S.K.: 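Would you mind keeping the following structure in view while I ask a few things?
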Amino acid sequence: MRVPLERKVLNENDRIAATLRERLEGNGTFCLNLISSPGSGKTSLLERTLAGFDAGRRVAVLTGDLQTENDAQRLAKFGFPVKQIVTGGTCHLDAKMVERHLADWKLEDLDLLIVENVGNLVCPSSYDLGEDAKIVLLSTTEGEDKPLKYPSIFFKSELMVLTKIDLLPYVPFKAELAKENARRVHPGLEIVELSSTTGEGLDAWMKWLEERRKAKLSAH
Ligand SMILES: Nc1nc2c(ncn2[C@@H]2O[C@H](COP(=O)(O)OP(=O)(O)OP(=O)(O)O)[C@@H](O)[C@H]2O)c(=O)[nH]1
Ligand SMILES: [Mg+2]
């Protein structure tokens, strides 16, 4: 009889991600990896998030794009440490890029690190960055079928943020169907609906963030 033996061989990315996770864990730094299609509203949500924090908040952001420092410039206005990772063509961040850009920050000074991944619903889902949780954003202009077409990232994320709900009256987007599709791929997936334009739903997002961060802290 043949017994199939499967063992995951750690590739270089997984090894660096595991080291990063250990360092984050050791310093009690809660790390989130935000993933979505280009333009779904990652930076806009981060602008709202940073604006909602007190000045002394120990938070930092890494933001990835193929080109430009635009997102880092938008986010730097809030006074917290922000760095742009320019991938130069790569469609996702990897653990090495994150490690390199963290080199001159002290993790012990941070209790929250948010990584905005490159806008792409496919590539980033395969790269562990050492984060505590992946978060997928889906906007109301993208179509309700996206969780079914791009299941991997919806399956791997702990939270789906349905963005741009202020546009619901103007777009043929069925929010209930989108949520149903996401939960077909990932039963029990947590979902928050919000608009970074009007601010509706932001409280639920901030509450999720704080609860998950505190849960990590108490386990530390
Ligand atoms: N109506 C509406 N527009 C939004 C909302 N959130 C973001 N936008 C707009 O959507 C566009 C893209 O938003 P970004 O926050 O730059 O999206 P992103 O996901 O960071 O984009 P990339 O980093 O390029 O992948 C901008 O024009 C935003 O003003 C929202 O809640 N409602
Ligand atoms: Mg962005």
Side-chain angles (χ1 to χ4, degrees), residues 31-53 59-78 80-94 97-98 101 112-127 129 131 133-144 146-147 149-150 152-154 156-175 178-179 182 191-209:
C31 178
L32 295 175
N33 181 2
L34 266 57
I35 298 171
S36 79
S37 301
S40 301
K42 299 178 292 299
T43 310
S44 302
L45 178 58
L46 289 180
E47 287 175 313
R48 281 287 196 164
T49 306
L50 296 182
F53 288 152
V59 58
V61 179
L62 293 177
T63 181
D65 279 296
L66 268 67
Q67 293 297 345
T68 84
E69 300 263 335
N70 291 0
D71 284 3
Q73 281 166 13
R74 282 167 66 185
L75 295 169
K77 293 182 188 125
F78 300 90
F80 302 104
V82 174
K83 257 190 228 166
Q84 182 79 46
I85 304 179
V86 176
T87 67
T90 307
C91 57
H92 59 83
L93 296 180
D94 64 34
M97 297 176 197
V98 171
H101 286 80
L112 178 60
L113 173 67
I114 309 181
V115 181
E116 175 186 342
N117 219 308
V118 177
N120 189 301
L121 214 43
V122 184
C123 313
S125 83
S126 311
Y127 287 81
L129 304 181
E131 73 277 334
K134 290 182 172 57
I135 296 178
V136 61
L137 283 73
L138 174 68
S139 69
T140 56
T141 55
E142 288 170 61
E144 339 40 25
K146 294 304 167 287
K149 285 187 173 177
Y150 304 93
S152 174
I153 189 54
F154 290 87
K156 291 181 180 173
S157 294
E158 286 195 24
L159 176 75
M160 174 174 114
V161 181
L162 182 61
T163 61
K164 310 193 186 182
I165 59 168
D166 57 296
L167 298 180
L168 280 172
Y170 316 106
V171 290
F173 181 87
K174 299 184 190 75
K179 290 191 277 180
I191 299 175
V192 166
E193 298 169 52
L194 56 80
S195 163
S196 297
T197 299
T198 64
E200 186 184 354
L202 281 167
D203 287 358
W205 154 249
M206 293 303 249
K207 188 163 172 275
W208 185 93
L209 187 67

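As the structure lists them, so they are numbered: ligands from 1, and atoms in each ligand from 1. This is a predicted model, so every value here is computed, not measured.
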S.K.: Can you confirm whether something in the protein, heavy atoms only, sits under 4.0 Å from atom 12 (C) of ligand 1?
M.R.: yes
S.K.: What are the atoms of ligand 1, with element, lying closer than 4.0 Å to any heavy atom of L167?
M.R.: 1 (N)
S.K.: Please list the nearest protein heavy atom to atom 31 (O) of ligand 1 with its residue and the distance rounded to 0.1 Å.
M.R.: S196 N, 2.9 Å
S.K.: Looking at the Mg ion (ligand 2), is one of the N, O or S atoms of T43 less than 2.8 Å from it?
M.R.: yes
S.K.: Give the atoms of ligand 1, by number and element, whose distance to some non-hydrogen atom of D71 is under 4.0 Å.
M.R.: 23 (O)
S.K.: Which bit of D65 is near ligand 1, meaning a heavy atom under 4.0 Å away: side chain, backbone, both or neither?
M.R.: side chain
S.K.: Examine the proximity of ligand 1 to E116 and report which part, side chain or backbone, both or neither, has a heavy atom under 4.0 Å away.
M.R.: side chain
S.K.: How long is the span from the CZ atom in F53 to the CG atom in L209, to the nearest 0.5 Å?
M.R.: 5.0 Å
S.K.: About how many Å separate OG of S125 and OH of Y150, when rounded to the nearest 0.5 Å?
M.R.: 12.0 Å
S.K.: Hey, could you give me the CG/CG distance between N117 and L93, rounded to the nearest 0.5 Å?
M.R.: 4.0 Å
S.K.: Quick one: are D71 and V82 in side-chain contact, heavy atoms under 4.5 Å?
M.R.: no
S.K.: Closer than 4.0 Å and a protein heavy atom, does any atom meet both conditions relative to atom 23 (O) of ligand 1?
M.R.: yes
S.K.: What protein heavy atom is closest to atom 7 (C) of ligand 1, reported as residue, atom name and distance in Å?
M.R.: S44 OG, 3.2 Å
S.K.: Where is the tightest heavy-atom contact between V118 and P124, given as atom of each residue plus distance?
M.R.: O-CG, 3.8 Å
S.K.: Counting backbone and side-chain atoms alike, does E116 have an N/O/S atom under 2.8 Å from the Mg ion (ligand 2)?
M.R.: yes
S.K.: Going by the atom numbers of ligand 1, which of them fall below 4.0 Å from some non-hydrogen atom of P38?
M.R.: 25 (O)
S.K.: Walk me through whether L34 and T63 qualify under side-chain contact (heavy atoms from CB on, under 4.5 Å).
M.R.: CA-CA 9 Å; L34 266 57; T63 181; over 6 Å; no
S.K.: Quick one: look up the protein heavy atom nearest atom 25 (O) of ligand 1 and list residue, atom name and how far away it is.
M.R.: K42 NZ, 2.7 Å
S.K.: Using a 4.0 Å heavy-atom cut-off, which part of I165 comes near ligand 1: side chain, backbone, both, or neither?
M.R.: neither
S.K.: Name the closest protein heavy atom to atom 21 (O) of ligand 1, giving the residue it belongs to and the distance to 0.1 Å.
M.R.: G39 N, 3.0 Å
S.K.: So, taking the atom named CD in E116 and the one named CG in L62, what distance separates them when rounded to the nearest 0.5 Å?
M.R.: 10.5 Å
S.K.: Nearest heavy atom to atom 20 (O) of ligand 1: which of L46, I35, V118, T43 does it belong to?
M.R.: T43
S.K.: Among side-chain atoms of S196 and S44, is any donor-acceptor pair under 3.5 angstrom?
M.R.: no
S.K.: From T140 OG1 over to E142 CD, what is the distance, rounded to the nearest 0.5 angstrom?
M.R.: 8.5 Å
S.K.: How far is atom 16 (O) of ligand 1 from the closest protein heavy atom, and which atom is that?
M.R.: R74 NH1, 2.8 Å
S.K.: Tell me: protein heavy atom nearest atom 2 (C) of ligand 1, and distance?
M.R.: T197 OG1, 3.1 Å
S.K.: Of all the N, O or S atoms in D71, which has the shortest distance to the Mg ion (ligand 2)?
M.R.: OD2
S.K.: Looking only at distances, please establish whether an N/O atom of ligand 1 is found under 3.5 Å from an N/O atom of G41.
M.R.: yes
S.K.: N/O of T163 under 3.5 Å from N/O of ligand 1, yes or no?
M.R.: no
S.K.: Nearest protein heavy-atom contact for atom 1 (N) of ligand 1: which residue, which atom, what distance?
M.R.: D166 OD2, 2.9 Å
S.K.: Looking at L162, I165, L167, which hits side chain to side chain contact (heavy atoms under 4.5 Å, CB included) with F173?
M.R.: L162
S.K.: By number and element, which atoms of ligand 1 are closer than 4.0 Å to a non-hydrogen atom of G119?
M.R.: 25 (O)
S.K.: If we ignore angles and hydrogens, is there a donor and acceptor under 3.5 Å between the side chains of T198 and D166?
M.R.: no
S.K.: Any non-hydrogen side-chain atom of I135 less than 4.5 Å from a side-chain atom of W205?
M.R.: yes
S.K.: Could you tell me the separation between the CG atom of L129 and the CD1 atom of I35, rounded to the nearest 0.5 Å?
M.R.: 7.0 Å
S.K.: Quick one: nearest non-hydrogen protein atom to atom 10 (O) of ligand 1, plus distance?
M.R.: K164 NZ, 3.0 Å
S.K.: Quick one: are L32 and E131 in side-chain contact, heavy atoms under 4.5 Å?
M.R.: no
